[in-house]
Amino acid sequence: MTSPDTGSTPPAPPVSLTALLARRDLGLRLLAGPEDVSIHWVHTSEMADPYPYLLGGELLMTAGVQLADPAQYVERVVEAGAAALAFGVTPVYDTVPAELVEACDRHGLPLIEVPPRTPFTAVARALWRLMAEARLHELRRVTEAQQSLAAAAARPAPVPAVLGALAARLAGRAVLFGADGTESVAAGREVPAEAARALRDLAGVLGPRPGGPASASGDGGGLRLAAYALGGGEGLTLGVATERRGPGDHTIAGVAVVLLSLLTAPHRGAEAAVRDGALVRLLLGASPAEIAETLGAGPWTVVHAAGGDGTPFAAASLAAALGTPLVDAGGGGGGTGRADAGQPGGDGGDTRPTDAGRAGGDGGDARRADAVEAGRGRRDDTPVIVRLLLPASTPVTEQPGWTLGVAAPAAADELAAADAQAARALRRAAAVRAPVVRQRPGGLAALVDPDEAAAHARALLGPLTEPLTETLRAWLSLHGSWDRTAVALDVHRNTVRQRITRCAALLDRDLDDPDVRMELWFALGTR
């Protein structure tokens with residue numbers, strides 16, 4: 001059975017319940033169910049029916065304040081998809097109710113006893129620390145894989161080298177399929193014939209259909225299978241077969257898809273090949289100044305894009321649509337998705353007392369209600385952020401499913417500044433909900449001596465520090481809109497108000513005066 005990959009992996013890697021139970025300082029004890037389950041976040045609830053407040057995969061903690069029917073309570077928790085249940089003894093119960101233990105055992109739901117000396121906040125903090133360690137391990141693994149894949153792309157036979165590096169990193173098999181489904185190049189260990197057939201069939205699910213899914217996943221021959229469509233319009237597909245699917249595997253495969261799309265793109269002339277080599281050096285960590293001579297004087301255009309289907313390999317099709325290889329692609333956009341459901345200080349608060357409306361409980365958590373309403377499908381809405389480099393003569397047009405921020409044309413040794421421009425343009429595009437926003441050079445500012453303008457800007461804006469300067473810039477660019485500025489900066493609107501009020505006090509200026517706003521905008525542009 002196959003299904004398109006919807007990028008449903010949570011924003012943080014899961015933690016094994018076994019690892020949490022191993023923390024002896026917590027004194028946790030498993031009373032029922034298996035311990036080899038994965039926990040994606042933690043939530044505390046004293047509601048009689050916590051179902052509406054659960055997203056699935058969480059460790060639900062309760063002291064049983066409103067535990068009237070343990071059997072029905074467990075049924076609802078299991079129906080909501082919770083990974084495990086933690087029950088705190090005292091002040092309501094001296095021991096975990098036997099009916100609750102029996103119900104959890106019957107449904108296969110892990111039940112953990114939390115001793116009186118261990119507050120719920122300590123359990124939540126331990127879980128976040130384990131998640132942070134897992135995230136660090138994942139980032140290191142992805143970084144090392146990206147470096148090895150980029151190095152393989154610079155070898156004399158790059159396509160087999162990239163496939164070999166990918167297979168080694170994922171401890172499986174990597175296959176490049178042609179448009180007709182035939183195996184073109186393969187690397188890694190051999191797989192059973194059943195798995196090979198299933199992988200070929202999975203690759204055929206994608207095909208060259210416009211608007212089709214960028215990836216699909218499934219199982220076959222006892223292995224986990226995944227297929228990714230390459231950009232470039234040739235109908236090529238990457239297939240991967242592994243024994244297990246770990247955190248970061250999709251990101252690693254996404255890097256390989258980007259590189260293979262670049263390497264297999266048709267009709268690339270000598271100039272494009274030189275540019276590709278320079279971009280590979282960027283992937284390997286070279287600075288824009290180091291590749292300026294190889295890249296050529298330009299001018300060049302830097303583009304930041306957000307969107308796609310929530311996975312890095314979707315960037316390959318965007319790069320192909322704009323006719324350029326990638327500078328960088330990865331997660332970490334401004335989306336929140338389910339992150340609100342699992343932030344420290346949110347659901348991990350100690351709500352063992354009966355007041356369910358306190359911080360960390362269910363009362364008043366509108367963000368959770370919104371997330372449940374939109375997120376029952378277990379989807380992570382965090383967008384992919386893609387950075388592209390194009391010749392300035394290449395037109396940058398609206399791309400379906402993407403939001404683009406376009407910098408002004410820049411020379412090769414000015415790419416760092418252009419990159420910052422593109423990032424600001426993307427934030428503005430997201431705030432005003434525009435498909436494309438461009439940084440526009442010139443104008444009246446070009447009539448003023450740059451040194452004098454910079455000196456004036458330093459004197460005028462001297463009292464401001466970050467994040468006040470960036471907040472003022474965003475607020476002015478969005479015509480004083482509190483809500484849009486909050487969206488652009490990913491902060492609360494009250495935070496924007498406080499920062500702008502602070503700016504007005506430090507500058508001793510009336511920010512409602514259009515002349516003041518114009519002068520400050522000019523200064524921010526030349527600072």
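Start at 1 with the first residue, then count along the sequence. All figures in this text were calculated on a predicted structure; none of them were measured in a lab.
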Salt bridge [X]-[Y], side-chain N to carboxylate O under 4.0 Å:
X      : Y      : value
Glu183 : Arg173 : yes
Glu466 : Arg499 : no
Glu79  : Arg76  : yes
Asp219 : Arg245 : no

Would a 4.5 Å heavy-atom cut-off, applied to side chains only, mark [X] and [Y] as touching?
X      : Y      : answer
Arg141 : Asp249 : yes
Glu113 : Phe87  : no
Pro110 : Leu17  : yes
Val255 : Leu166 : no
Val406 : Val437 : no
Leu260 : Leu236 : no
Val257 : Ser261 : yes
Leu20  : Leu59  : yes

Just wondering, are more than 12 heavy atoms of other shown residues or ligands nearer than 6.0 Å to [atom1] in [X]?
X      : atom1 : value
Arg502 : CZ    : no
Arg189 : CZ    : yes
Asp94  : CG    : no

Enter the distance from [X]:[atom1] to [Y]:[atom2] here, rounded to the nearest 0.5 Å.
X      : Y      : atom1 : atom2 : value
Leu136 : Met131 : CG    : CE    : 15.0 Å
Leu238 : Leu259 : CG    : CG    : 11.0 Å
Leu100 : Leu85  : CG    : CG    : 5.5 Å
Ile112 : Cys104 : CD1   : SG    : 10.0 Å
Thr143 : Glu138 : OG1   : CD    : 10.0 Å
Thr485 : Arg473 : OG1   : CZ    : 13.0 Å

When you look at Phe120 and Thr62, which way does the side-chain contact (heavy atoms from CB on, under 4.5 Å) test go after all the steps? CA-CA 9 Å; Phe120 284 177; Thr62 181; 5.6 Å; no

Hydrogens and angles aside, do Ser148 and Arg169 bring a side-chain donor and acceptor to less than 3.5 Å of each other? yes

Would you confirm whether [X], through its side chain, and [Y], through its main-chain N or O, come within 3.5 Å as a donor-acceptor pair?
X      : Y      : answer
Thr118 : Leu26  : yes
Thr18  : Glu35  : yes
Thr182 : Gly178 : no
Thr495 : Val491 : no
Glu58  : Val42  : no
Trp41  : Gly56  : yes
Thr403 : Pro435 : no
Glu243 : Leu223 : no
Ser481 : Arg484 : yes
Trp475 : Gly480 : yes

Step-by-step side-chain contact (heavy atoms from CB on, under 4.5 Å) determination, Leu230 to Thr237: CA-CA 6 Å; Leu230 302 190; Thr237 306; 6.0 Å; no

Return the minimal non-hydrogen interatomic distance between [X] and [Y], and the atom names on each side.
X      : Y      : value
Thr242 : Gly172 : CG2-CA, 4.2 Å
Tyr93  : Gly64  : CE1-O, 3.3 Å
Trp402 : Ala305 : CE3-CB, 3.7 Å
Ala226 : Leu199 : O-CD1, 3.7 Å
Ala187 : Ala167 : O-CB, 3.7 Å
His304 : Ala422 : CD2-CB, 3.5 Å

Using the test salt bridge (Lys or Arg N to Asp or Glu O under 4.0 Å), find all partners of Glu133 that sit at least two apart in sequence or belong to another chain. none

If the condition is salt bridge (Lys or Arg N to Asp or Glu O under 4.0 Å), which residues does Asp483 pass it with, not counting sequence neighbours? Arg493

Let me have the donor-acceptor pairs involving side chains of residues 425-434, under 3.5 Å, with sequence neighbours excluded, atom names and distances please.
unit_1 : atom_1 : unit_2 : atom_2 : d
Arg427 : NH2    : Glu470 : OE2    : 2.9
Arg428 : NH1    : Ser477 : O      : 2.2
Arg428 : NH2    : Ser477 : O      : 3.4

Test side-chain contact (heavy atoms from CB on, under 4.5 Å) on Glu75 and His107 and set out the steps. CA-CA 8 Å; Glu75 286 180 3; His107 288 277; 3.5 Å; yes

List the steps and the verdict of side-chain contact (heavy atoms from CB on, under 4.5 Å) for Leu225 and Val240. CA-CA 6 Å; Leu225 310 177; Val240 177; over 6 Å; no

